[in-house]
Amino acid sequence: MPELPEVETIARGLKDGLIGKTILEADVFWARTLAIPTVRKFKEQIRGQKITGVSRRAKYLIIQLKNYNLLVHLRMSGDLLLRESKINPNKHDRLVLRLSGKYDLAFNDTRKFGRVWFTDDPQSILKKLGPEPLEKGFTADWLYKNLQSRKRQLKPLLLDQTFIAGLGNIYTDESLNIAKLHPLAQADTVKPTQAKALHQAIQSVLKEGIRRNGASIDWVYRGGDFQNHFRVYDQEGKPCPACGTEIIKFTVGQRGTHICPRCQVLERK
DNA sequence: AGGGAAACCCGAACGC
DNA sequence: TGCGTTCGGGTTTCCC
């Protein structure tokens, strides 16, 4: 794993470093990072904008400007770095915002999967998202009712950000294992007690992920520790922590899927 | 509406 | 050693 460079990550105070600063200039090194019509217009419009707030919705980071919003999705390998101003970009820098003061905000993204939206109407992008799994609206009762109305396979549904916003592949596999549910179970066959277990599992897995600063898989997401505590994800052939049965891996909706075949049984109707 | 597949990416890991 | 292939993550788009 690479050593932590001279950066501030989100968790280490990006917010404090951004609010109140003015964007002097935007350097675009990979235009497809930006979900905007033209780079020229973007640079023109963002110049002189003051950063008024930093927040989050689902997997989007929201950098509020005076008249616009920047929505940042890091996807797989993206990173936001606040670092001392310098002339030359780092390897894999896709967008660098030159700020007032002595820092730049760099969007660095090895795999070019991440995206940045620049818009005066963030709701046009955010309104379709499902509830935050750690907030009030997401209850066991809500989950049961909404599973009841769907016929989809459980795992693809949980990964659907318009259903619940925030679960990715790792967290979904871990949650289903804790709740002892099969990823291919049809959503409307989940019973109230199972929905309650799933609700509990989702919240505990996400909280643990946050507590451990996320998972560092491959060489990305530096600093996380959750990868050392997976129950099933990437544990093919290893014993299930609950019953010792070997974890198996297969594909669901084009995604690598890991289960304990003993704890997570697909009930056929 | 649901499901499958392809596309977007590239560094690491693997096979030969 | 080198070279080719496969993999995987999140999301959108397209097609059945």
Side-chain angles (χ1 to χ4, degrees), chain A residues 1-3 5 10 28-36 56-62 71-80 89-95 107-117 119 122 124-130 132-133 146-176 182-190 202 205-206 209 213-224 226-227 230 232-237 247-259 266 269:
Chain A
M1 205 166 48
E3 212 177 314
I10 309 293
V28 179
F29 301 104
W30 179 255
R32 287 166 65 174
T33 290
L34 284 156
I36 44 140
R56 178 195 66 81
R57 171 74 172 101
K59 299 177 186 177
Y60 296 84
L61 287 158
I62 304 168
L71 302 188
V72 181
H73 197 309
L74 302 175
R75 296 273 176 94
M76 293 311 307
S77 54
D79 206 354
L80 271 185
N90 284 4
K91 192 175 184 183
H92 306 310
D93 276 356
R94 308 304 176 194
L95 169 68
F107 178 72
N108 185 284
D109 182 23
T110 307
R111 289 182 183 169
K112 297 180 176 173
F113 263 27
R115 291 290 180 269
V116 176
W117 291 260
T119 176
S124 65
I125 295 158
L126 303 176
K127 68 182 178 194
K128 59 181 190 287
L129 294 165
E132 293 282 332
N146 284 275
L147 289 175
Q148 281 305 103
S149 64
R150 305 299 217 96
K151 286 211 178 303
R152 292 177 72 181
Q153 301 167 151
L154 205 41
K155 175 165 173 173
L157 183 58
L158 294 177
L159 285 171
D160 184 342
Q161 303 298 299
T162 68
F163 184 70
I164 303 172
L167 291 180
N169 201 38
I170 293 171
Y171 297 89
T172 302
D173 276 6
E174 294 293 305
S175 298
L176 288 170
H182 195 283
L184 290 175
Q186 199 171 283
D188 64 0
T189 65
V190 174
I202 287 169
V205 164
L206 287 176
N213 295 315
S216 297
I217 41 174
D218 295 348
W219 69 103
V220 297
Y221 302 140
R222 295 180 303 274
F226 191 41
Q227 71 280 8
F230 292 155
V232 288
Y233 182 83
D234 201 25
Q235 304 300 304
E236 186 179 15
I247 304 301
I248 58 168
K249 180 180 180 184
F250 57 106
T251 300
V252 176
Q254 294 182 291
R255 313 303 307 281
T257 298
H258 313 73
I259 67 163
L266 181 58
K269 315 176 295 170

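These numbers come from a predicted model, not from an experiment.
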Enquirer: Whole angstroms only, please: what is the NE2-C1' distance between A:His258 and C:dG8?
Expert: 10 Å
Enquirer: Rounding to a whole Å, what distance do you find between A:Asn146:CG and B:dA1:P?
Expert: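 Checked: the CG to P distance equals 15 Å.
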Enquirer: Under the rule for side-chain contact (heavy atoms from CB on, under 4.5 Å), what residues qualify as partners of A:Gln148, not counting sequence neighbours?
Expert: A:Tyr144
Enquirer: Given atom CD1 of A:Ile170 and atom C1' of C:dG8, what is their separation to the nearest angstrom?
Expert: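 It works out to 10 Å between those atoms.
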Enquirer: Within this structure, what is the CG-to-P distance between A:Leu167 and C:dG10, rounded to whole angstrom?
Expert: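 Distance, rounded to whole Å: 10 Å.
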Enquirer: Rounded to 10°, tell me the angle between the two end axes of the helix from B:dG2-C:dC16 to B:dC16-C:dG2, each built from five pairs.
Expert: 50°
Enquirer: For A:Arg115, give me all partners under salt bridge (Lys or Arg N to Asp or Glu O under 4.0 Å), at least two apart in sequence or on another chain.
Expert: none
Enquirer: Please pick, from C:dG10, B:dG11, B:dG3, the nucleotide with the shortest atom-to-atom distance to any side-chain atom of A:Lys59.
Expert: C:dG10
Enquirer: Set out, line by line, the N/O atom pairs under 3.5 Å between protein and nucleotides 4-8 of chain B.
Expert:
unit_1, atom_1, unit_2, atom_2, d
B:dA5, N7, A:Gln254, OE1, 2.6
B:dA6, N7, A:Gln254, OE1, 3.4
B:dA6, N7, A:Gln254, NE2, 3.0
B:dA6, N6, A:Gln254, OE1, 3.4
B:dC8, O3', A:Arg32, NH2, 3.0

Enquirer: Which pair of heavy atoms, one from A:Val232 and one from A:Glu174, lies closest together, and at what distance?
Expert: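 Heavy atoms only, the tightest pair is N-OE2, 3.0 Å.
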Enquirer: For A:Thr33, check side-chain hydrogen bond (donor to acceptor under 3.5 Å, both in side chains) against everything at least two apart and list the hits.
Expert: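 None.
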Enquirer: Could you list the residues that satisfy side-chain hydrogen bond (donor to acceptor under 3.5 Å, both in side chains) with A:Thr119, not counting sequence neighbours?
Expert: none
Enquirer: Mind checking what makes ring pair (Phe, Tyr, Trp, His ring centres under 6.0 Å) contact with A:Tyr60, not counting sequence neighbours?
Expert: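 Once residues adjacent in sequence are excluded, the partners of A:Tyr60 under the ring pair (Phe, Tyr, Trp, His ring centres under 6.0 Å) criterion are A:His73, A:Trp117.
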Enquirer: Starting from P on B:dC9, measure out to CZ on A:Arg111 and report it in whole angstrom.
Expert: 13 Å
Enquirer: In whole angstroms, how far is the P atom of B:dG2 from the CG atom of A:Leu147?
Expert: 12 Å
Enquirer: Under 4.0 Å from OP1 or OP2 of C:dG8: is there any side-chain N or O of A:Lys249 that close?
Expert: yes
Enquirer: Ignoring the backbone of A:Gln161, work out which of B:dG2, C:dG10, C:dT11 is nearest its side chain.
Expert: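 Out of B:dG2, C:dG10, C:dT11, the nucleotide with an atom closest to A:Gln161's side chain is C:dT11.
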Enquirer: Please list, chain by chain and in numerical order, all residues satisfying ring pair (Phe, Tyr, Trp, His ring centres under 6.0 Å) with A:Tyr171, sequence neighbours excluded.
Expert: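 So A:Tyr171 forms a ring pair (Phe, Tyr, Trp, His ring centres under 6.0 Å) with A:Phe226.
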Enquirer: Would you say A:His92 reaches B:dG11's phosphate, i.e. side-chain N/O to OP1/OP2 under 4.0 Å?
Expert: yes
Enquirer: Just to verify, what does A:His182 make a ring pair (Phe, Tyr, Trp, His ring centres under 6.0 Å) with, not counting sequence neighbours?
Expert: A:Phe250
Enquirer: Round to the nearest Å and state the distance from A:Trp117 atom CH2 to C:dG10 atom P.
Expert: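 Result: 14 Å.
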Enquirer: What distance do A:Arg255 atom CZ and A:Ile170 atom CD1 have between them, rounded to the nearest 0.5 Å?
Expert: 9.5 Å
Enquirer: Rounded to whole angstrom units, what separation is found between the CG atom of A:Leu157 and the P atom of B:dA1?
Expert: 14 Å
Enquirer: Examine C:dG10: is either OP1 or OP2 under 4.0 Å from a nitrogen or oxygen in the side chain of A:His73? Give yes or no.
Expert: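 So the side-chain polar atoms of A:His73 never come under 4.0 Å of the phosphate oxygens OP1 or OP2 of C:dG10.
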Enquirer: Return the 5'-most residue of the pair A:Lys151, A:Lys91 with respect to DNA chain B, ranking by each residue's nearest nucleotide.
Expert: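 Counting from the 5' end, the first nearest nucleotide belongs to A:Lys151.
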